[in-house]
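Note that the coordinates shown come from a computational prediction; the quantities given were computed from them, not determined experimentally.
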Amino acid sequence: MTPRRSGAADTPTFTERARRAQIVECTIDLISTRGYPATSLSAIAEAAGISKAAVLYHFSSKDNLARTTLEHVLEQFTAYVGEQVGRTPDPLDAVLAYVRAMISYQRANRRHVRVITEMLLDDAGGTRLKNPGSHDTSDRRQSLERLLSAGQRAGRLRDFDVTTVALAIGGAIDGVIAHWLVHPEFDLDAAADELEAFALSAIAPR
């Protein structure tokens, strides 16, 4: 079976799209349980019940499959957070909805969190980025900055540097999730309450 050329102009059929989705889901499962280095194309093919050649037909390499898998995870994550924030018309409440959505999605999708961690971090302790700034994929910080700026323009938030506050809120969320990954008994509901209070104290008018 000839590998599909990357960027081929032909539109995938329904069957091909379904097969690609199946392969991506198997990749998520294996990366989240075994780690990225131990996830081989052969293991993915076995999990999907197809041949390695079939995997390569849809994805030309492990790196290409891994990138597609990470993009899929981040798209799902971003869409969920955007939907939750979009339901909240008040600018101040929208920031709090962002914080809550970031936590609730990751709690409900631990496999996805493991994929992001495996793909973006370089060591087992999860403390060193492979590429500085790579954790800000999908415009995450910029999205929060836009929320904060909109709240300031509406007069609902105090005057502050939006980049600094966005980094502080995002860093706090990341820290809580990193702790939860190591200590799954950690109460994320209580942590989300505290993060909302933390964000409110940083952005509310004084």
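- Of all heavy-atom pairs between L144 and G170, the closest is CD2-N, 4.5 Å.
- With hydrogens and angles ignored, the 3.5 Å screen pairs a side-chain donor or acceptor of D187 with a backbone N or O of A190.
- Ion pairing of R87 with E83 is present here, as a side-chain N (NZ or NE/NH1/NH2) and a carboxylate O approach within less than 4.0 Å.
- Between the side chains of R146 and S143, at least one donor-acceptor pair of N or O atoms lies under 3.5 Å.
- Listed for the R141 side chain is no donor-acceptor partner under 3.5 Å among the backbone atoms of L167.
- Under the 4.5 Å side-chain criterion, counting only non-hydrogen atoms from C-beta, T68 is not in contact with I23.
- No donor-acceptor pair closer than 3.5 Å links the side chain of E196 to the backbone N or O of V99.
- Side-chain N or O atoms of S201 include one that pairs as donor or acceptor with a backbone N or O of F198 at under 3.5 Å.
- Remark: side-chain polar atoms of E118 are paired, donor with acceptor, to backbone N or O of Y36 under 3.5 angstrom.
- In this structure, R110 contributes its side chain and L181 its backbone to a donor-acceptor pair below 3.5 Å.
- Ring orientation note: the planes of Y80 and Y105 are tilted relative to one another, at an angle of 30° to 60°.
- Side-chain contact between L96 and L92 is present, with at least one heavy-atom pair separated by less than 4.5 Å.
- Checking side-chain atoms of R158 against main-chain N and O of A202 turns up a donor-acceptor pair under 3.5 Å.
- R111 places no side-chain N or O within donor-acceptor distance of the main-chain N or O of I28, the cut-off being under 3.5 Å.
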